[in-house]
Amino acid sequence: MSPQKKFSVRSMLGPFRKMSKKSFTYRLISRMAKSPVLSTLTFGAILFFIYADSLMSNLSINTANIKTGEILPSPQITTEFATNATSLNSLPVVGLGVATTTTTTTTTTTEDTENEDPLIPPFKASVDERMEWFRRKLPELEILKSTELSEKFHGRVLELFNNNCSAQFFMVWLSSAQSFGPREFLAVDSLFSTTPDGCLLILSSSMDSPKGYRILKPLLDRGFNVLAVTPDMPFLVKNTPAEPWLDDLRSGNMDPGSIPLFNHLSDLIRLSVLYKYGGVYLDTDFIFLKDLSPLRNVIGAQSINQQTKKWSRLNGAVMIFDIHHPVLVEFLKEYATTFNGNRWGHNGPYLVSRVLERLGGNSFSLQIGDNSEYSSNVTVFPPKAFYPVDWIKIAKLFKKPETEADMKWADDTVADIGSESYVVHLWNKRSRELKIEEGSVMARLIAEHCNICENIYDT
């Protein structure tokens with residue numbers, strides 16, 4: 001390996017030799033070359049002026065961005081500073097309901113950084129740690145409170161439903177408006193393709209915003225009755241069996257569980273809004289094929305025991321009930337008395353299965369209540385009605401047919417689902433990342449049951 005060439009200020013003179021010897025710059029550099037002390041001091045001064053100029057430049061840029069609300073990271077921030085300092089871009093931004101977090105420019109290497117979302121508990125926390133965390137987060141949870149906006153909930157609901165609605169539909173959306181994407185919009189669009197005179201209430205603080213209005217505007221422009229409203233949880237559970245449960249949660253004396261709280265609140269909201277108003281509740285990952293408005297007091301089976309031919313599991317993703325139906329009271333009682341925030345589905349699909357199995361023994365038709373004044377029938381529809389395709393097999397519906405056998409299967413599937421099903425559950429947890437391919441069963445079903453029908457292959 002050849003030795004490195006020794007650096008000297010004299011070597012810097014090359015570019016300046018063509019300068020006039022009367023030039024100040026040339027005379028200065030010449031003296032530097034002859035004096036080691038002067039060379040060192042002068043070279044240090046040059047570096048200082050370069051650094052100072054860079055520092056002032058970055059300072060002026062960041063100052064300008066602070067005035068416009070945008071914070072840019074400075075190149076001079078060291079890893080140690082970024083690890084220990086709190087960035088403005090990592091602070092929670094509280095909107096109309098749930099606090100969200102922006103993380104556009106900063107990263108952190110701290111492993112035990114607390115989760116900024118007040119609805120998502122710390123990972124692998126003990127019960128005591130989780131409850132301590134939850135008590136600290138309670139002031140941020142506007143969804144558990146009656147606010148100036150949420151207190152208008154009941155009046156806004158009545159105003160929507162005073163539009164000669166052929167049916168009252170409900171959906172719940174507790175995520176951000178930004179995440180209400182083409183798949184969710186498609187569910188709303190297809191609903192109005194089957195029930196154009198229906199009214200849809202979306203219980204959501206994030207969608208009850210200018211962003212949410214822009215998302216729904218294409219449907220509003222076509223005259224459909226859809227409205228996003230910030231829910232009022234204390235009002236929804238008032239005078240129901242779930243009211244003491246909410247009071248206990250709000251006091252901080254209850255373990256919210258390891259599963260994100262919005263999952264459990266969604267389960268409660270759907271039950272309580274059906275109890276208060278009656279109508280049709282659906283998740284936001286359905287394609288509507290038939291009008292649901294003629295149905296009353298119906299819930300769907302997700303699976304059937306092939307030996308007994310009785311249902312083995314129900315699902316609350318579709319529920320159709322009259323106002324104050326007795327089974328809804330039973331659902332709310334079960335929710336409040338057996339709540340478990342650590343088991344997925346315990347307060348949702350498993351809850352409705354437990355209650356109806358206890359009341360009717362897996363029957364497809366059962367009577368609720370002993371007193372005829374309060375009694376009412378409940379009908380359990382077979383899987384074909386709401387869940388014609390199991391979540392394990394849903395991916396095939398998104399695929400383009402490649403062979404003649406595939407084409408025949410697709411034709412038969414479209415005909416079968418179209419004749420026997422009211423809706424198709426897309427099982428978003430399983431299919432969200434799947435693209436709808438041209439000619440697929442899903443593409444054909446959507447094309448036949450949409451109003452706007454734009455960007456089908458982007459959903």
Side-chain angles (χ1 to χ4, degrees), residues 93-102 104 117 119 142-143 147 149-150 152-153 156-157 159-161 163 165 167-232 262-263 265-266 269-270 273 279-288 317 423-429 431-436 442-443 445-447 449-459:
V93 181
V94 180
L96 293 174
V98 179
T100 58
T101 304
T102 57
T104 54
D117 191 332
L119 292 176
E142 292 191 9
I143 192 171
T147 65
L149 179 60
S150 70
K152 300 175 183 178
F153 174 80
R156 297 173 72 189
V157 172
E159 184 178 358
L160 172 67
F161 290 158
N163 287 314
C165 308
Q168 298 177 175
F169 292 92
F170 303 93
M171 292 180 177
V172 178
W173 187 257
L174 300 186
S175 299
S176 67
Q178 185 68 32
S179 61
F180 194 95
R183 185 73 59 86
E184 289 74 29
F185 183 85
L186 178 61
V188 178
D189 184 17
S190 68
L191 185 158
F192 289 114
S193 74
T194 60
T195 316
D197 296 326
C199 295
L200 171 62
L201 179 75
I202 302 175
L203 291 91
S204 171
S205 59
S206 63
M207 290 293 288
D208 186 7
S209 65
K211 172 71 174 177
Y213 175 80
R214 289 194 297 271
I215 292 172
L216 300 174
K217 191 174 184 300
L219 296 166
L220 294 169
D221 289 345
R222 286 164 173 79
F224 297 121
N225 292 312
V226 54
L227 179 67
V229 179
T230 300
D232 189 322
F262 66 80
N263 285 305
L265 294 180
S266 175
I269 289 173
R270 72 183 67 182
V273 76
V280 183
Y281 167 81
L282 298 107
D283 282 355
T284 56
D285 55 347
F286 278 93
I287 301 298
F288 289 74
V423 293
V424 180
H425 195 199
L426 303 186
W427 307 102
N428 261 3
K429 282 184 172 25
S431 69
R432 180 173 292 278
E433 302 304 321
L434 299 176
K435 289 293 184 181
I436 299 174
M442 195 58 63
L445 289 174
I446 292 170
H449 301 91
C450 60
N451 293 291
I452 298 175
C453 304
E454 295 178 355
N455 304 319
I456 289 178
Y457 301 112
D458 294 333
T459 59

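For this chain, numbers begin at 1 and follow the sequence in order.
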* For residues Ser266 and Leu174, report the shortest heavy-atom separation together with the two atoms involved. => N-CD1, 3.8 Å
Checking [X] side chain against [Y] main chain: does a donor-acceptor pair fall under 3.5 Å?
| X | Y | answer |
| --- | --- | --- |
| Ser190 | Leu186 | yes |
| Ser209 | Ser206 | yes |
| Asn428 | Asp285 | no |
| Asp189 | Asn451 | yes |
| Ser204 | Met207 | yes |
| Ser150 | Asp232 | no |

* Note: Arg156-Asp208 ion pair, threshold 4.0 Å (strictly below) -> yes
* Asked: Could Asp283 and Arg270 be called an ion pair, given the rule that one side-chain N must be under 4.0 Å from one carboxylate O?
  -> yes
Check whether any side-chain heavy atom of [X] lies under 4.5 Å from a side-chain heavy atom of [Y], and answer yes or no.
| X | Y | value |
| --- | --- | --- |
| Glu142 | Thr230 | no |
| Leu201 | Phe161 | yes |
| Thr195 | Phe288 | no |
| Ile452 | Arg222 | yes |
| Gln168 | Val157 | no |
| Leu200 | Phe224 | no |

Gap separating the [atom1] atom of [X] from the [atom2] atom of [Y], nearest 0.5 angstrom:
| X | Y | atom1 | atom2 | answer |
| --- | --- | --- | --- | --- |
| Ser205 | Leu149 | OG | CG | 8.5 Å |
| Ile143 | Leu265 | CD1 | CG | 5.0 Å |
| Ile287 | Met442 | CD1 | CE | 6.5 Å |
| Leu227 | Asn163 | CG | CG | 9.5 Å |
| Leu203 | Trp173 | CG | CH2 | 13.5 Å |
| Cys199 | Leu160 | SG | CG | 4.5 Å |

Acceptor/donor pairs from residues 213-220 side chains to any protein atom, 3.5 angstrom cut, sequence neighbours excluded:
unit_1, atom_1, unit_2, atom_2, d
Lys217, NZ, Asp221, OD1, 3.2
Lys217, NZ, Asp221, OD2, 2.9

* To do: Would you check, one step at a time, whether the test side chain to side chain contact (heavy atoms under 4.5 Å, CB included) holds for Phe170 with Ile269?
  => CA-CA 10 Å; Phe170 303 93; Ile269 289 173; over 6 Å; no
